[in-house]
Colleague: 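Mind looking over this structure? Questions follow.
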Amino acid sequence: MTIQAVRGTRDILPDEVGGWHRVEAAARELFARYGYRELRTPVFEQTELFARGIGADTDIVSKEMYTFADRDFSSLTLRPEATAGIVRAVIEHNLMNTDPALRVYAIGPMFRRERPQKGRYRQFHQVDVEAFGFTSPTIDAEVVELALAFLDACGVKQRDLVLNSVGDSTCRPAYVERLQKALRELAPSLCGDCQRRVETNPLRVLDCKVPQDQAAIDTLPRITDHLCAPCGDHFAEVRRQLELLGIPYRLSHRLVRGLDYYVRTTFEVTSSALGAQSSILGGGRYDGLVKDLGGPDLAGIGFAVGLERLVSLVPSGEAEPRCDVFLMPLAAGALDPALRLQRRLRAAGLRVLLDPEGRSVKSRMKQADKLGARFAAILGDDELGRHDKLGARVWTLRDMAQSTQDLVDEDAIVEHIKGRLNG
Ligand code: HAM
(Lines give C-alpha, C1' and ligand atoms only; values in the text may rest on other atoms or scores of the structure.)
Protein backbone atom coordinates (compact mmCIF):
# COMPACT_ATOMS: atom_id res chain seq x y z
CA MET A 1 0.00 0.00 0.00
CA THR A 2 1.27 3.50 -0.79
CA ILE A 3 1.87 5.84 2.10
CA GLN A 4 -0.29 8.95 2.21
CA ALA A 5 -0.07 12.26 4.04
CA VAL A 6 -1.36 12.12 7.62
CA ARG A 7 -5.06 13.02 8.00
CA GLY A 8 -5.46 16.75 8.51
CA THR A 9 -2.14 17.62 6.87
CA ARG A 10 -1.67 18.64 3.27
CA ASP A 11 1.01 19.22 0.69
CA ILE A 12 1.39 22.67 -0.80
CA LEU A 13 2.20 21.79 -4.40
CA PRO A 14 4.45 23.84 -6.73
CA ASP A 15 1.39 25.05 -8.68
CA GLU A 16 -0.13 26.47 -5.47
CA VAL A 17 2.95 27.89 -3.85
CA GLY A 18 2.80 31.22 -5.72
CA GLY A 19 -0.16 32.35 -3.59
CA TRP A 20 1.81 31.49 -0.43
CA HIS A 21 4.81 33.45 -1.64
CA ARG A 22 2.63 36.45 -2.41
CA VAL A 23 1.01 36.62 1.04
CA GLU A 24 4.32 36.00 2.81
CA ALA A 25 6.00 38.74 0.75
CA ALA A 26 3.08 41.09 1.48
CA ALA A 27 3.46 40.35 5.21
CA ARG A 28 7.19 41.05 5.26
CA GLU A 29 6.85 44.26 3.27
CA LEU A 30 3.88 45.63 5.22
CA PHE A 31 5.00 44.65 8.72
CA ALA A 32 8.37 46.34 8.17
CA ARG A 33 6.49 49.59 7.49
CA TYR A 34 4.92 49.29 10.96
CA GLY A 35 8.24 48.55 12.68
CA TYR A 36 7.82 44.77 13.07
CA ARG A 37 10.77 42.41 12.73
CA GLU A 38 10.73 38.65 12.25
CA LEU A 39 11.31 36.27 15.14
CA ARG A 40 11.63 32.52 14.56
CA THR A 41 10.91 30.20 17.46
CA PRO A 42 11.08 26.37 17.55
CA VAL A 43 8.05 24.31 16.52
CA PHE A 44 8.18 22.35 19.76
CA GLU A 45 8.37 23.62 23.32
CA GLN A 46 7.98 22.27 26.81
CA THR A 47 4.35 21.26 27.32
CA GLU A 48 4.11 23.40 30.45
CA LEU A 49 4.54 26.57 28.39
CA PHE A 50 1.23 26.00 26.59
CA ALA A 51 -0.60 24.62 29.63
CA ARG A 52 0.30 27.75 31.60
CA GLY A 53 0.13 30.19 28.69
CA ILE A 54 -3.04 29.19 26.85
CA GLY A 55 -4.92 27.75 29.85
CA ALA A 56 -5.38 24.13 30.96
CA ASP A 57 -9.18 24.26 30.51
CA THR A 58 -9.16 25.45 26.91
CA ASP A 59 -10.03 23.03 24.11
CA ILE A 60 -6.58 23.57 22.62
CA VAL A 61 -4.71 22.41 25.72
CA SER A 62 -7.16 19.82 27.01
CA LYS A 63 -7.94 18.07 23.70
CA GLU A 64 -5.93 19.25 20.74
CA MET A 65 -2.22 19.27 21.53
CA TYR A 66 0.34 16.94 19.98
CA THR A 67 2.20 16.08 23.16
CA PHE A 68 4.90 13.42 23.43
CA ALA A 69 7.49 12.21 25.90
CA ASP A 70 11.06 12.89 24.82
CA ARG A 71 13.66 10.16 25.35
CA ASP A 72 14.57 11.76 28.68
CA PHE A 73 10.85 11.61 29.61
CA SER A 74 10.39 15.38 29.54
CA SER A 75 7.02 16.34 28.02
CA LEU A 76 7.19 18.23 24.74
CA THR A 77 4.41 19.66 22.57
CA LEU A 78 4.22 20.78 18.94
CA ARG A 79 3.17 24.43 19.14
CA PRO A 80 -0.60 24.88 18.72
CA GLU A 81 -0.11 28.65 18.29
CA ALA A 82 2.75 31.14 18.23
CA THR A 83 2.08 33.63 21.04
CA ALA A 84 3.24 31.50 23.99
CA GLY A 85 6.56 30.62 22.30
CA ILE A 86 7.18 34.23 21.34
CA VAL A 87 6.53 35.35 24.92
CA ARG A 88 8.95 32.69 26.16
CA ALA A 89 11.61 33.95 23.74
CA VAL A 90 11.02 37.58 24.73
CA ILE A 91 11.55 36.69 28.40
CA GLU A 92 14.47 34.32 27.78
CA HIS A 93 16.40 36.89 25.73
CA ASN A 94 15.28 39.96 27.66
CA LEU A 95 14.16 41.51 24.38
CA MET A 96 12.19 44.20 26.20
CA ASN A 97 15.46 45.58 27.56
CA THR A 98 17.22 45.86 24.23
CA ASP A 99 14.38 46.74 21.84
CA PRO A 100 12.82 50.17 22.41
CA ALA A 101 9.74 49.28 20.32
CA LEU A 102 9.27 45.54 20.74
CA ARG A 103 7.21 44.47 17.75
CA VAL A 104 7.74 41.05 16.18
CA TYR A 105 6.11 38.72 13.71
CA ALA A 106 6.48 35.01 12.97
CA ILE A 107 5.42 32.81 10.07
CA GLY A 108 5.21 29.04 10.33
CA PRO A 109 3.32 25.81 10.96
CA MET A 110 1.10 25.19 14.01
CA PHE A 111 -0.41 21.89 15.14
CA ARG A 112 -3.82 21.17 16.63
CA ARG A 113 -5.56 17.81 16.69
CA GLU A 114 -8.93 19.14 15.59
CA ARG A 115 -11.50 17.30 13.51
CA PRO A 116 -10.32 17.98 9.94
CA GLN A 117 -12.71 19.64 7.53
CA LYS A 118 -12.52 22.26 4.79
CA GLY A 119 -10.34 25.08 6.12
CA ARG A 120 -9.44 23.18 9.29
CA TYR A 121 -6.23 21.19 9.44
CA ARG A 122 -4.07 19.47 12.01
CA GLN A 123 -0.98 21.15 10.63
CA PHE A 124 -1.79 24.67 9.47
CA HIS A 125 0.19 27.88 9.09
CA GLN A 126 -0.08 31.25 10.72
CA VAL A 127 1.35 34.69 10.23
CA ASP A 128 1.53 35.95 13.81
CA VAL A 129 2.11 39.54 14.96
CA GLU A 130 2.87 40.65 18.53
CA ALA A 131 3.64 44.03 20.14
CA PHE A 132 4.95 44.29 23.71
CA GLY A 133 5.09 47.01 26.34
CA PHE A 134 2.17 49.20 25.21
CA THR A 135 -0.85 49.71 27.44
CA SER A 136 -2.42 52.55 25.46
CA PRO A 137 -5.59 51.87 23.40
CA THR A 138 -3.76 53.47 20.48
CA ILE A 139 -1.79 50.24 19.96
CA ASP A 140 -5.01 48.19 19.99
CA ALA A 141 -6.36 50.32 17.15
CA GLU A 142 -3.02 50.18 15.33
CA VAL A 143 -2.82 46.38 15.56
CA VAL A 144 -6.39 46.00 14.29
CA GLU A 145 -5.63 48.45 11.49
CA LEU A 146 -2.49 46.49 10.61
CA ALA A 147 -4.47 43.24 10.46
CA LEU A 148 -6.90 44.79 7.98
CA ALA A 149 -4.12 46.47 5.99
CA PHE A 150 -2.57 43.01 5.61
CA LEU A 151 -5.82 41.60 4.24
CA ASP A 152 -6.02 44.61 1.89
CA ALA A 153 -2.46 44.00 0.71
CA CYS A 154 -3.46 40.40 -0.06
CA GLY A 155 -6.52 41.54 -2.03
CA VAL A 156 -9.12 40.15 0.42
CA LYS A 157 -12.17 42.36 0.12
CA GLN A 158 -15.00 40.32 1.62
CA ARG A 159 -14.47 40.44 5.38
CA ASP A 160 -16.00 41.58 8.67
CA LEU A 161 -14.25 42.85 11.76
CA VAL A 162 -15.79 41.73 15.05
CA LEU A 163 -14.74 43.41 18.27
CA ASN A 164 -15.23 42.85 22.00
CA SER A 165 -13.70 43.60 25.38
CA VAL A 166 -13.39 40.72 27.84
CA GLY A 167 -12.43 42.93 30.80
CA ASP A 168 -9.46 42.33 33.08
CA SER A 169 -8.61 40.83 36.48
CA THR A 170 -10.49 43.69 38.19
CA CYS A 171 -13.87 43.24 36.54
CA ARG A 172 -13.90 39.81 34.91
CA PRO A 173 -13.95 37.60 38.05
CA ALA A 174 -17.16 39.25 39.30
CA TYR A 175 -18.69 38.94 35.82
CA VAL A 176 -17.70 35.28 35.51
CA GLU A 177 -19.31 34.60 38.89
CA ARG A 178 -22.53 36.23 37.71
CA LEU A 179 -22.35 34.31 34.45
CA GLN A 180 -21.79 31.04 36.26
CA LYS A 181 -24.74 31.66 38.53
CA ALA A 182 -27.00 32.35 35.54
CA LEU A 183 -25.56 29.31 33.74
CA ARG A 184 -26.18 26.92 36.62
CA GLU A 185 -29.87 27.69 36.32
CA LEU A 186 -29.82 27.14 32.57
CA ALA A 187 -27.46 24.16 32.61
CA PRO A 188 -30.02 21.33 32.19
CA SER A 189 -31.16 22.80 28.86
CA LEU A 190 -27.62 23.21 27.46
CA CYS A 191 -25.48 20.78 25.42
CA GLY A 192 -23.16 18.34 27.19
CA ASP A 193 -20.04 20.39 26.44
CA CYS A 194 -21.61 23.53 27.87
CA GLN A 195 -22.81 21.71 31.00
CA ARG A 196 -19.18 20.80 31.63
CA ARG A 197 -17.98 24.32 30.82
CA VAL A 198 -20.36 25.84 33.39
CA GLU A 199 -18.03 24.45 36.03
CA THR A 200 -14.63 24.43 34.28
CA ASN A 201 -14.64 27.58 32.11
CA PRO A 202 -18.00 29.41 31.99
CA LEU A 203 -16.81 32.05 29.47
CA ARG A 204 -16.36 29.27 26.89
CA VAL A 205 -20.15 28.75 26.85
CA LEU A 206 -20.38 32.04 24.94
CA ASP A 207 -18.38 30.36 22.15
CA CYS A 208 -20.90 27.51 21.79
CA LYS A 209 -22.14 26.97 18.22
CA VAL A 210 -24.83 24.35 18.99
CA PRO A 211 -28.07 25.79 17.48
CA GLN A 212 -30.37 24.64 20.32
CA ASP A 213 -28.25 26.50 22.91
CA GLN A 214 -28.33 29.89 21.22
CA ALA A 215 -31.63 31.25 22.58
CA ALA A 216 -30.57 30.48 26.17
CA ILE A 217 -27.10 31.97 25.67
CA ASP A 218 -28.65 35.20 24.41
CA THR A 219 -30.28 35.73 27.80
CA LEU A 220 -26.96 35.57 29.70
CA PRO A 221 -25.35 38.66 31.28
CA ARG A 222 -22.98 40.47 28.92
CA ILE A 223 -19.37 41.22 29.78
CA THR A 224 -19.57 44.64 28.11
CA ASP A 225 -22.25 45.64 30.67
CA HIS A 226 -19.91 44.71 33.53
CA LEU A 227 -16.57 46.29 32.60
CA CYS A 228 -14.79 48.31 35.29
CA ALA A 229 -14.26 52.01 34.48
CA PRO A 230 -10.67 51.68 33.20
CA CYS A 231 -11.63 48.75 30.91
CA GLY A 232 -14.73 50.62 29.73
CA ASP A 233 -12.68 53.75 28.95
CA HIS A 234 -10.00 51.70 27.18
CA PHE A 235 -12.59 49.99 24.99
CA ALA A 236 -14.36 53.27 24.19
CA GLU A 237 -11.07 54.82 23.08
CA VAL A 238 -10.17 51.82 20.89
CA ARG A 239 -13.53 52.16 19.17
CA ARG A 240 -13.18 55.92 18.83
CA GLN A 241 -9.81 55.52 17.13
CA LEU A 242 -11.10 52.82 14.78
CA GLU A 243 -13.91 55.17 13.81
CA LEU A 244 -11.38 57.97 13.35
CA LEU A 245 -9.46 55.72 10.96
CA GLY A 246 -12.66 54.87 9.08
CA ILE A 247 -12.59 51.19 10.05
CA PRO A 248 -16.06 49.62 10.29
CA TYR A 249 -16.59 46.93 12.95
CA ARG A 250 -19.35 44.92 14.57
CA LEU A 251 -19.51 44.48 18.34
CA SER A 252 -20.05 41.00 19.73
CA HIS A 253 -20.14 40.45 23.47
CA ARG A 254 -19.75 36.73 22.74
CA LEU A 255 -16.30 37.04 21.20
CA VAL A 256 -14.32 35.47 24.08
CA ARG A 257 -11.86 33.53 21.85
CA GLY A 258 -10.46 30.07 22.51
CA LEU A 259 -7.41 31.05 24.55
CA ASP A 260 -7.44 32.12 28.21
CA TYR A 261 -4.76 34.81 28.09
CA TYR A 262 -6.89 37.63 26.68
CA VAL A 263 -7.79 40.78 28.60
CA ARG A 264 -9.68 43.81 27.35
CA THR A 265 -9.71 44.00 23.53
CA THR A 266 -10.40 40.86 21.50
CA PHE A 267 -11.08 40.81 17.78
CA GLU A 268 -11.63 38.51 14.87
CA VAL A 269 -12.01 38.93 11.13
CA THR A 270 -14.35 36.56 9.36
CA SER A 271 -15.19 36.09 5.71
CA SER A 272 -18.46 34.72 4.38
CA ALA A 273 -16.44 33.46 1.39
CA LEU A 274 -14.76 30.86 3.64
CA GLY A 275 -17.67 28.55 4.54
CA ALA A 276 -18.03 26.98 7.98
CA GLN A 277 -14.50 27.84 9.16
CA SER A 278 -15.04 31.53 8.55
CA SER A 279 -12.40 33.05 10.83
CA ILE A 280 -9.41 34.40 8.86
CA LEU A 281 -7.67 35.92 11.83
CA GLY A 282 -8.06 36.45 15.54
CA GLY A 283 -6.25 38.29 18.25
CA GLY A 284 -6.36 40.52 21.27
CA ARG A 285 -4.59 41.97 24.25
CA TYR A 286 -2.87 39.71 26.82
CA ASP A 287 -1.39 42.02 29.46
CA GLY A 288 -0.83 39.40 32.21
CA LEU A 289 0.75 36.68 30.08
CA VAL A 290 4.39 37.77 30.16
CA LYS A 291 4.26 37.97 33.95
CA ASP A 292 2.40 34.65 34.29
CA LEU A 293 5.17 32.99 32.30
CA GLY A 294 7.84 34.32 34.67
CA GLY A 295 8.73 37.61 32.96
CA PRO A 296 8.26 41.25 33.89
CA ASP A 297 4.87 42.97 34.02
CA LEU A 298 4.78 43.70 30.31
CA ALA A 299 1.65 44.38 28.27
CA GLY A 300 1.13 42.49 25.01
CA ILE A 301 -1.23 42.48 22.05
CA GLY A 302 -1.29 40.69 18.72
CA PHE A 303 -3.14 38.56 16.20
CA ALA A 304 -2.63 35.53 14.00
CA VAL A 305 -3.86 34.94 10.45
CA GLY A 306 -4.60 31.42 9.21
CA LEU A 307 -2.64 31.12 5.98
CA GLU A 308 -4.56 28.20 4.43
CA ARG A 309 -7.73 30.27 4.78
CA LEU A 310 -6.09 33.48 3.62
CA VAL A 311 -4.45 31.91 0.56
CA SER A 312 -7.80 30.35 -0.45
CA LEU A 313 -9.22 33.90 -0.66
CA VAL A 314 -6.34 35.49 -2.52
CA PRO A 315 -6.87 36.15 -6.22
CA SER A 316 -4.71 33.67 -8.11
CA GLY A 317 -2.77 36.33 -10.08
CA GLU A 318 -0.25 35.76 -12.86
CA ALA A 319 1.91 32.66 -12.47
CA GLU A 320 5.62 33.40 -12.10
CA PRO A 321 7.46 32.83 -15.40
CA ARG A 322 9.14 29.45 -15.13
CA CYS A 323 11.75 29.70 -17.85
CA ASP A 324 13.27 32.58 -19.84
CA VAL A 325 15.55 30.49 -21.99
CA PHE A 326 15.39 26.82 -22.96
CA LEU A 327 18.76 25.61 -24.25
CA MET A 328 18.88 23.15 -27.12
CA PRO A 329 22.32 21.72 -27.79
CA LEU A 330 21.40 19.72 -30.88
CA ALA A 331 24.71 18.98 -32.59
CA ALA A 332 27.29 16.53 -31.37
CA GLY A 333 29.76 18.62 -29.37
CA ALA A 334 27.09 21.22 -28.48
CA LEU A 335 26.59 20.07 -24.89
CA ASP A 336 29.78 21.60 -23.49
CA PRO A 337 29.17 25.12 -24.85
CA ALA A 338 25.54 24.80 -23.70
CA LEU A 339 26.59 23.98 -20.14
CA ARG A 340 28.92 27.00 -20.13
CA LEU A 341 26.22 29.28 -21.55
CA GLN A 342 23.65 27.96 -19.07
CA ARG A 343 25.91 28.91 -16.18
CA ARG A 344 26.53 32.33 -17.67
CA LEU A 345 22.84 33.11 -18.28
CA ARG A 346 21.82 31.98 -14.81
CA ALA A 347 24.56 34.14 -13.29
CA ALA A 348 23.05 37.06 -15.22
CA GLY A 349 19.74 36.43 -13.43
CA LEU A 350 17.87 34.57 -16.17
CA ARG A 351 15.77 31.44 -15.62
CA VAL A 352 17.37 28.75 -17.73
CA LEU A 353 16.55 25.11 -18.38
CA LEU A 354 18.15 22.51 -20.59
CA ASP A 355 16.88 19.05 -21.39
CA PRO A 356 19.74 16.82 -20.21
CA GLU A 357 18.11 13.75 -21.77
CA GLY A 358 18.90 14.93 -25.30
CA ARG A 359 15.53 14.12 -26.86
CA SER A 360 14.42 14.93 -30.43
CA VAL A 361 14.11 18.54 -31.61
CA LYS A 362 10.35 18.18 -31.80
CA SER A 363 9.99 16.93 -28.24
CA ARG A 364 12.37 19.62 -26.94
CA MET A 365 10.33 22.33 -28.67
CA LYS A 366 7.19 20.90 -27.07
CA GLN A 367 8.89 20.93 -23.70
CA ALA A 368 9.99 24.57 -24.14
CA ASP A 369 6.43 25.46 -25.05
CA LYS A 370 4.93 23.67 -22.05
CA LEU A 371 7.38 25.39 -19.72
CA GLY A 372 6.33 28.76 -21.13
CA ALA A 373 9.92 29.47 -22.22
CA ARG A 374 10.22 32.86 -23.86
CA PHE A 375 13.33 31.88 -25.86
CA ALA A 376 14.81 28.69 -27.23
CA ALA A 377 18.57 28.87 -27.80
CA ILE A 378 19.64 26.38 -30.45
CA LEU A 379 23.14 25.15 -31.17
CA GLY A 380 23.05 22.80 -34.13
CA ASP A 381 25.46 21.84 -36.90
CA ASP A 382 24.79 25.12 -38.76
CA GLU A 383 25.67 27.29 -35.80
CA LEU A 384 28.72 25.18 -34.93
CA GLY A 385 29.91 25.41 -38.56
CA ARG A 386 29.77 29.21 -38.44
CA HIS A 387 31.78 29.14 -35.27
CA ASP A 388 34.50 27.11 -36.95
CA LYS A 389 34.60 29.62 -39.82
CA LEU A 390 34.28 32.91 -37.89
CA GLY A 391 35.80 32.04 -34.53
CA ALA A 392 32.90 33.60 -32.62
CA ARG A 393 30.17 31.31 -31.28
CA VAL A 394 26.65 32.10 -32.52
CA TRP A 395 23.34 30.65 -31.34
CA THR A 396 19.98 30.69 -33.01
CA LEU A 397 17.73 32.47 -30.59
CA ARG A 398 14.07 31.76 -31.18
CA ASP A 399 11.65 34.22 -29.59
CA MET A 400 8.76 31.85 -28.85
CA ALA A 401 6.32 34.68 -28.10
CA GLN A 402 6.93 36.54 -31.37
CA SER A 403 7.83 33.49 -33.50
CA THR A 404 11.00 35.20 -34.78
CA GLN A 405 14.51 33.86 -34.99
CA ASP A 406 17.91 35.63 -34.85
CA LEU A 407 21.49 34.53 -35.01
CA VAL A 408 23.09 36.05 -31.93
CA ASP A 409 26.72 36.18 -30.92
CA GLU A 410 27.19 34.32 -27.60
CA ASP A 411 28.61 37.43 -25.93
CA ALA A 412 25.49 39.42 -26.87
CA ILE A 413 22.87 36.88 -25.77
CA VAL A 414 22.25 38.27 -22.27
CA GLU A 415 21.78 41.78 -23.58
CA HIS A 416 19.57 40.58 -26.44
CA ILE A 417 17.29 38.58 -24.12
CA LYS A 418 17.07 41.20 -21.42
CA GLY A 419 16.28 43.86 -24.01
CA ARG A 420 13.36 41.76 -25.30
CA LEU A 421 12.13 40.73 -21.83
CA ASN A 422 12.01 44.34 -20.64
CA GLY A 423 10.87 45.76 -23.96
P1 HAM B 1 -6.59 31.52 16.96
O2 HAM B 1 -7.91 32.22 16.83
O3 HAM B 1 -6.58 30.25 17.70
O4 HAM B 1 -5.60 32.56 17.64
O5 HAM B 1 -5.98 31.27 15.52
C6 HAM B 1 -5.83 32.32 14.60
C7 HAM B 1 -6.21 31.88 13.19
O8 HAM B 1 -5.51 30.68 12.84
C9 HAM B 1 -7.67 31.52 13.00
O10 HAM B 1 -8.44 32.69 12.77
C11 HAM B 1 -7.62 30.63 11.78
O12 HAM B 1 -7.57 31.42 10.58
C13 HAM B 1 -6.30 29.92 11.95
N14 HAM B 1 -6.51 28.56 12.47
C15 HAM B 1 -6.68 28.19 13.76
N16 HAM B 1 -6.83 26.84 13.84
C17 HAM B 1 -6.77 26.36 12.57
C18 HAM B 1 -6.86 25.05 11.99
N19 HAM B 1 -7.03 23.96 12.73
N20 HAM B 1 -6.74 24.94 10.64
C21 HAM B 1 -6.56 26.05 9.87
N22 HAM B 1 -6.47 27.30 10.37
C23 HAM B 1 -6.57 27.46 11.70
C24 HAM B 1 -4.31 32.28 17.96
O25 HAM B 1 -3.70 31.33 17.58
C26 HAM B 1 -3.66 33.37 18.79
N27 HAM B 1 -2.28 32.95 19.13
C28 HAM B 1 -3.67 34.70 18.05
C29 HAM B 1 -3.00 35.81 18.80
C30 HAM B 1 -1.76 36.30 18.60
N31 HAM B 1 -3.51 36.46 19.85
C32 HAM B 1 -2.63 37.35 20.27
N33 HAM B 1 -1.56 37.25 19.55
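Start at 1 and go down the list; that is how both ligands and their atoms are numbered. Basis for what follows: all heavy atoms, side chains included, without hydrogens, waters or symmetry-related copies.
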Colleague: Any donor-acceptor pair under 3.5 Å linking the side-chain atoms of Asp225 with those of His253?
Modeller: no
Colleague: Which atoms of ligand 1 sit under 4.0 Å from any heavy atom of Ile280?
Modeller: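 Selected atoms, number and element: 10 (O), 12 (O).
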Colleague: Please assess Asp140 against Arg285 for the test salt bridge (Lys or Arg N to Asp or Glu O under 4.0 Å), listing each intermediate value before the final yes or no.
Modeller: CA-CA 8 Å; Asp140 303 47; Arg285 185 171 268 288; 2.6 Å; yes
Colleague: Under a 4.0 angstrom heavy-atom cut-off, which atoms of ligand 1 come close to Asp128?
Modeller: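 So the answer, numbered in order with elements, is 30 (C).
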Colleague: Does ligand 1 have any atom sitting under 4.0 Å from a heavy atom of Glu308?
Modeller: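 Contact absent.
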Colleague: If we set the cut-off at 4.0 Å for heavy atoms, which region of Leu310 has an atom near ligand 1: side chain, backbone, both, or neither?
Modeller: neither
Colleague: Can you pull out the closest protein heavy atom to atom 7 (C) of ligand 1? Residue, atom name and distance to 0.1 Å, please.
Modeller: Ala304 O, 3.6 Å
Colleague: Using a 4.0 Å cut-off to any heavy atom of Gly282, which atoms of ligand 1 qualify?
Modeller: 10 (O), 28 (C), 29 (C)
Colleague: So, for Phe68 and Leu78, which heavy atoms are closest and what is the spacing to 0.1 Å?
Modeller: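 Shortest heavy-atom separation between Phe68 and Leu78 comes out as CE2-CD2, 4.2 Å.
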Colleague: For Leu206, does its backbone N or O pair with a side-chain atom of Arg254 as donor and acceptor, under 3.5 Å?
Modeller: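 Yes: the side chain of Arg254 pairs with the backbone of Leu206.
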Colleague: With a cutoff of 4.0 Å, is Gly300 in contact with ligand 1, counting heavy atoms of the residue only?
Modeller: no
Colleague: Any idea which protein heavy atom is nearest atom 13 (C) of ligand 1, and the distance to it?
Modeller: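 Nearest neighbour among protein heavy atoms for atom 13 (C) of ligand 1, to 0.1 Å: Gly306 CA, 3.6 Å.
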Colleague: Show the nearest heavy-atom pair for residues His226 and Pro221, with the distance to one decimal.
Modeller: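 Shortest heavy-atom separation between His226 and Pro221 comes out as CE1-CB, 4.0 Å.
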Colleague: Could you tell me whether Val129 and ligand 1 have an N or O pair separated by under 3.5 Å?
Modeller: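 So ligand 1 has no N or O lying under 3.5 Å from an N or O of Val129.
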Colleague: When rounded to the nearest 0.5 angstrom, what is the spacing between CG in Leu161 and CZ in Phe267?
Modeller: 8.0 Å
Colleague: Among side-chain atoms of Tyr121 and Thr9, is any donor-acceptor pair under 3.5 angstrom?
Modeller: no
Colleague: Give me the residue, atom name and distance of the protein heavy atom closest to atom 32 (C) of ligand 1.
Modeller: Gly302 O, 3.3 Å
Colleague: Is any side-chain heavy atom of Met110 closer than 4.5 Å to a side-chain heavy atom of His125?
Modeller: no
Colleague: Atom CD of Gln158 and atom OG of Ser272: how far apart are they, to the nearest 0.5 Å?
Modeller: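 Result: 3.5 Å between the selected atoms.
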Colleague: At under 4.0 Å between heavy atoms, is it the side chain or the backbone of Ile301 that contacts ligand 1, or both, or neither?
Modeller: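 Within the 4.0 Å criterion, Ile301 makes no contact with ligand 1.
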Colleague: Within the distance-only criterion (no hydrogens, no angle test), does the side chain of Arg364 pair as donor or acceptor with the backbone N or O of Leu327 below 3.5 angstrom?
Modeller: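 It does not hold such a pair.
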Colleague: Mind checking what makes side-chain hydrogen bond (donor to acceptor under 3.5 Å, both in side chains) contact with Asp207, not counting sequence neighbours?
Modeller: none
Colleague: How far is atom 29 (C) of ligand 1 from the closest protein heavy atom, and which atom is that?
Modeller: Tyr262 OH, 3.4 Å
Colleague: For the residue pair Leu371 and Leu353, establish whether any side-chain heavy-atom pair is separated by less than 4.5 Å.
Modeller: yes
Colleague: With a 6.0 Å cut-off on the ring centroids, do Phe150 and Phe31 count as close?
Modeller: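 Yes: the rings meet the under 6.0 Å criterion.
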Colleague: What atoms of ligand 1 come closer than 4.0 angstrom to any heavy atom of Gly283?
Modeller: 31 (N)
Colleague: Hey, which atoms in ligand 1 end up nearer than 4.0 Å to a heavy atom of Phe303?
Modeller: 29 (C), 30 (C), 32 (C), 33 (N)
Colleague: Please could you name the atoms of ligand 1 that Glu130 approaches to less than 4.0 Å, counting only its heavy atoms?
Modeller: 30 (C), 32 (C), 33 (N)
Colleague: Where the closest heavy atom to atom 3 (O) of ligand 1 is concerned, which of Arg112, Glu81, Met110, Lys118 has it?
Modeller: Arg112
Colleague: Tell me the protein heavy atom at minimum distance from atom 4 (O) of ligand 1, and give that distance in Å.
Modeller: Arg257 NH2, 2.9 Å
Colleague: May I ask you to identify the nearest protein heavy atom to atom 26 (C) of ligand 1, giving residue, atom name and distance to one decimal place in Å?
Modeller: Tyr261 OH, 3.4 Å
Colleague: Touching ligand 1 at all, Gly258? Heavy atoms, strictly under 4.0 Å?
Modeller: no
Colleague: Tell me which protein heavy atom sits closest to atom 8 (O) of ligand 1, plus the residue, atom name and distance to 0.1 Å.
Modeller: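 It is Gln126 NE2, 3.1 Å.
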Colleague: For atom 21 (C) of ligand 1, what's the nearest protein heavy-atom neighbour? Residue, atom name and distance, please.
Modeller: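 Result for atom 21 (C) of ligand 1: Gly119 O, 3.3 Å.
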Colleague: Heavy atom to atom 22 (N) of ligand 1, shortest distance: which of Tyr121, Phe111, Phe124 holds it?
Modeller: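 Heavy atom nearest to atom 22 (N) of ligand 1 belongs to Phe124.
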Colleague: Check whether the side chains of Ser165 and Thr265 place a donor and an acceptor atom closer than 3.5 Å, and report yes or no.
Modeller: no
Colleague: Which ligand 1 atoms does Leu281 reach within 4.0 Å, using its non-hydrogen atoms?
Modeller: 10 (O)
